2 protein chains.
Amino acid sequence: MRDDDLSARKREILLNAVESYIQSASPITSSNVRTNYFKNLSTATLRNELNALEAMGYLKQLHTSSGRVPTARGYRYYVNEIMCDVPLEDNILTEIHSIFQSRAVYLGDVVNEIADVVSKATNYPAVVMLKGFEKLQIKTVKIIPLLTGQALILIETNSGIINNFMPIKTDIPSQTYVDASNFLTSTFKDKTLSDMMQNIEDYRIQMCDELQEFKGIFDRMIESLREFGESIAKKSGVTAKGELRLLNSPEYHDLEKAKKVIDVLANPTEVEQLFDNLDSDEVTFKIGAEIPLEELQDCTVAGLDYQVDGESIASVGIIGPQRMDYAKIASALKFVVGEFANLKQLDNTQKGAEDGQEE
Amino acid sequence: MRDDDLSARKREILLNAVESYIQSASPITSSNVRTNYFKNLSTATLRNELNALEAMGYLKQLHTSSGRVPTARGYRYYVNEIMCDVPLEDNILTEIHSIFQSRAVYLGDVVNEIADVVSKATNYPAVVMLKGFEKLQIKTVKIIPLLTGQALILIETNSGIINNFMPIKTDIPSQTYVDASNFLTSTFKDKTLSDMMQNIEDYRIQMCDELQEFKGIFDRMIESLREFGESIAKKSGVTAKGELRLLNSPEYHDLEKAKKVIDVLANPTEVEQLFDNLDSDEVTFKIGAEIPLEELQDCTVAGLDYQVDGESIASVGIIGPQRMDYAKIASALKFVVGEFANLKQLDNTQKGAEDGQEE
DNA sequence: ATTAGCAGTCAACACGAGAGAGTGCTAACA
DNA sequence: TGTTAGCACTCTCTCGTGTTGACTGCTAAT
């Protein structure tokens with residue numbers, strides 16, 4: 001049924017019809033199309049055209065005497081044809097901006113805020129996925145003793161700070177933590193987390209050689225670092241926010257349908273399947289049957305990868321009904337990922353900020 | 001209409017009827033009561049009794065020929081009469097336990113996790129409110145320089161760690177941060193956050209006297225500390241979780257009704273009104289008209305304060321329909337707040353842990 | 001190729017009848 | 001006086017019917 005060479009008029013009709021349906025949520029009818037776009041044609045003619053478009057699989061009727069709605073194929077055609085950027089609202093722009101400018105630099109906080117703002121901008125549930133935690137590049141390692149018999153492990157990476165708490169013995173002099181932090185930092189600087197974890201046994205030996213007198217203490221620290229690494233590896237990198245926004249779409253006024261989607265979002269493994277194989281330069285839309293999950297056949301999933309050196313580091317995406325504002329969503333995702341990329345750049349050139357690079 | 005001296009039989013009927021309605025969600029009928037509790041009485045007799053209870057305002061009919069449902073007053077009577085503890089499910093117990101035992105000691109993380117687990121245990125949206133941030137007692141202050149031109153401010157308090165990031169100049173030797181941290185810690189130890197903020201100007205002068213050579217640096221730090229204090233004071237202490245669980249109750253299958261409640265939960269000012277004036281030893285239920293918000297007249301709000309020296313530090317609560325499992329909810333809230341109190345105790349006696357005080 | 005005209009289809013809404021569940025009331029009974 | 005059987009009554013819920021209105025598909029004329 002590959003038949004993408006539509007006549008110019010069919011193309012026009014289809015694109016306008018889909019556009020109009022996305023905005024209004026009311027089925028496409030011949031008189032509808034006429035009053036909006038083709039005042040010089042009769043409804044009968046348009047009916048013929050719509051009929052043809054239906055035969056080609058771009059539209060479908062819900063029942064005999066109803067208007068038509070786009071099929072997944074119709075949406076796909078629309079998306080392929082008119083992916084133009086639309087400007088986002090100013091307040092959303094500034095909000096996204098301020099997140100990336102803000103002082104919340106814990107990786108987890110940033111992820112949460114991004115997911116929040118994407119959901120807000122699109123009005124659909126949003127997902128941020130961090131892949132390759134273990135690919136993060138270590139910049140510094142700090143171990144900070146606390147009063148409560150715990151220490152805070154703080155690892156600065158090229159993408160933000162990650163942290164964990166570990167139990168410690170309380171009779172260790174504070175200088176030891178400074179020594180340990182310095183040793184760990186110089187040892188692991190520019191290595192990845194997975195490097196660190198894989199070779200941690202070797203390092204432990206080296207460390208104990210160099211700082212013989214604190215052997216027992218460092219043993220304990222390394223042990224905790226290992227636990228930390230394992231807990232990070234186990235941790236799912238999936239963050240979903242704004243599930244409730246699904247209920248704003250008329251398509252999901254039916255609670256049962258909404259719950260199906262929300263349940264999927266609560267399941268990291270399934271979410272990973274959804275946002276697998278994304279592009280990094282253009283937003284990937286998976287429409288209907290293109291989604292690898294049986295229960296989401298009436299949804300569209302939109303996602304964009306953030307890649308460094310061709311390697312996917314993070315994915316940002318949303319999920320909603322097939323009838324969604326594709327252009328706006330693509331713009332929002334691209335803008336967010338773009339800001340992310342900018343941030344990285346700043347981060348690498350280390351403190352090139354403070355210049356007035358307003359746009 | 002104060003008429004709380006019900007006959008023993010009316011009392012029995014009312015309590016059982018309310019109990020049964022809470023469990024089944026289907027209206028109380030005479031035959032219903034008969035088959036469940038009073039097999040030796042006829043339905044006619046029970047009808048008379050139900051009629052009387054209705055006249056007294058404990059029950060009401062939805063329409064002439066329907067069964068009865070409890071009024072707010074009926075629930076109130078039920079709550080006052082039979083507040084017994086019910087055991088929580090084991091997995092919930094252990095989950096709560098593990099949160100408090102866990103190593104996540106950032107105050108914000110703990111609050112999030114508590115709200116999550118309370119919502120999970122009760123199956124209703126849960127709220128945790130921190131009041132009197134400024135009453136927190138400082139134990140240590142640490143300023144930790146980071147690579148990105150920021151420093152992490154870490155304040156250990158008697159209730160957990162709070163943290164913030166501040167921009168710094170990059171040319172400060174690391175020893176300065178150690179000196180500053182030590183100075184701040186010794187100066188503010190056992191003072192409250194509000195003490196610190198109120199007197200920060202004086203301390204700034206003192207600090208600059210004592211460590212003259214770092215004047216400019218400390219000025220900057222104090223400035224950031226002040227910003228930090230202000231941002232904390234502004235920050236609402238309200239955390240709500242599990243809003244979606246509202247949709248599990250048949251009462252809120254109507255999206256519009258559910259949204260009303262969810263909107264309130266998104267508004268910290270209104271939430272503060274809801275959970276105002278709670279008890280600290282017994283769970284406070286606000287039923288129907290007892291709730292100080294017009295739009296929540298068909299809800300019940302349950303809450304419990306955590307107090308130290310008669311001063312409310314935190315509140316934990318849930319919101320749901322009037323038909324809720326009061327006993328179970330009271331038990332859950334009490335258990336969580338109890339764990340909170342235990343934690344404080346441990347914290348105060350500084351490292352009295354590690355003993356096998358299982359129950 | 002386009003169009004007017006017309007018959008056909010189907011959702012949505014309103015109306016009415018019937019069933020069923022539950023009540024209130026009355027009169028009889030212990 | 002408390003309890004009960006019996007009966008009429010009320011109201012929701014469901015189902016079937018009929019009507020309306022919005023669209024469509026098709027045909028024949030332009």
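The analysis underlying the following values was restricted to heavy atoms, covering all of them including side chains, and did not include hydrogens, waters or symmetry mates. All of these numbers come straight from a predicted model, not from anything done at the bench. Proteins get letters first, then strands, A, B, ... in listed order; numbering begins at 1 in each.
- Residue order along DNA chain D, read from the 5' end via each residue's closest nucleotide, puts S42(B) first among S30(A) and S42(B).
- At the heavy-atom level, N51(B) lies under 4.0 Å from the strands shown only through sugar-phosphate atoms.
- Per the geometry, CG belonging to L41(B) stands 13 Å off P belonging to dG2(D), to the nearest Å.
- When atom types are taken as modelled, the side chain of N16(B) and the backbone of E12(B) share a donor-acceptor pair closer than 3.5 angstrom.
- Between the side chain of R47(B) and the base of dG6(D), at least one donor-acceptor pair of N or O atoms lies under 3.5 Å.
- Note on N32(B): nothing from the nucleic acid sits closer than 4.0 angstrom, heavy atoms only.
- No more than 12 heavy atoms of other residues, nucleotides or ligands lie within 6.0 Å of CG in N277(B), so this atom counts as exposed by the packing criterion.
- Distances shorter than 4.0 Å separate none of the side-chain N or O atoms of T45(B) from OP1 or OP2 on dG2(D).
- Cation-pi geometry between R245(A) and Y124(A) is not met: the NZ or CZ atom fails to fall both under 6.0 Å from the ring centre and inside 45° of the normal.
- Looking at heavy-atom distances under 4.0 Å, T43(B) makes no contact with the nucleic acid at all.
- Side chains of N36(B) and N32(B): a donor-acceptor N/O pair is present below 3.5 angstrom, by distance only.
- Distance alone, capped at 3.5 Å, places no donor-acceptor pair between the T122(B) side chain and the I329(B) backbone.
- Taking atom CD1 of I28(A) as the reference point, atom P of dT24(D) lies 10 Å away to the nearest angstrom.
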Shorter than 3.5 Å, N or O on both sides, protein versus nucleotides 9-15 of chain D: list them out with atom names.
from: dT10(D); atom 1: O3'; to: T64(B); atom 2: OG1; distance (Å): 3.3
from: dT10(D); atom 1: O2; to: S65(B); atom 2: OG; distance (Å): 2.9
from: dC11(D); atom 1: OP1; to: T64(B); atom 2: OG1; distance (Å): 3.1
from: dC11(D); atom 1: O4'; to: S65(B); atom 2: OG; distance (Å): 3.1
from: dC11(D); atom 1: O2; to: S65(B); atom 2: OG; distance (Å): 3.2

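- On the nucleic acid side, DNA chain C has its first and last nucleotide under 4.0 Å of a heavy atom of chain A at dT2(C) to dA11(C), going 5' to 3'.
- When rounded to the nearest whole Å, the span between CD of Q61(A) and C1' of dA22(D) equals 12 Å.
- In this structure, the side chain of E290(A) engages the main chain of I287(A) through a donor-acceptor pair within 3.5 Å.
- Without hydrogens or angle criteria, T43(A) side chain to S30(A) main chain gives no donor-acceptor distance under 3.5 Å.
- What separates CZ of R34(A) from P of dA22(D) is a distance of 16 Å, to the nearest Å.
- As rounded to whole Å, 16 Å separates atom P of dC23(D) from atom CD of E54(A).
- Q297(B) places a side-chain N or O within 3.5 Å of a backbone atom of L293(B) that can act as its donor or acceptor partner.
- Y326(A) and Y75(A) have tilted rings, their planes meeting at an angle from 30° to 60° on a 0 to 90° scale.
- As a whole-Å value, the separation of N48(B) CG from dT4(D) C1' is 10 Å.
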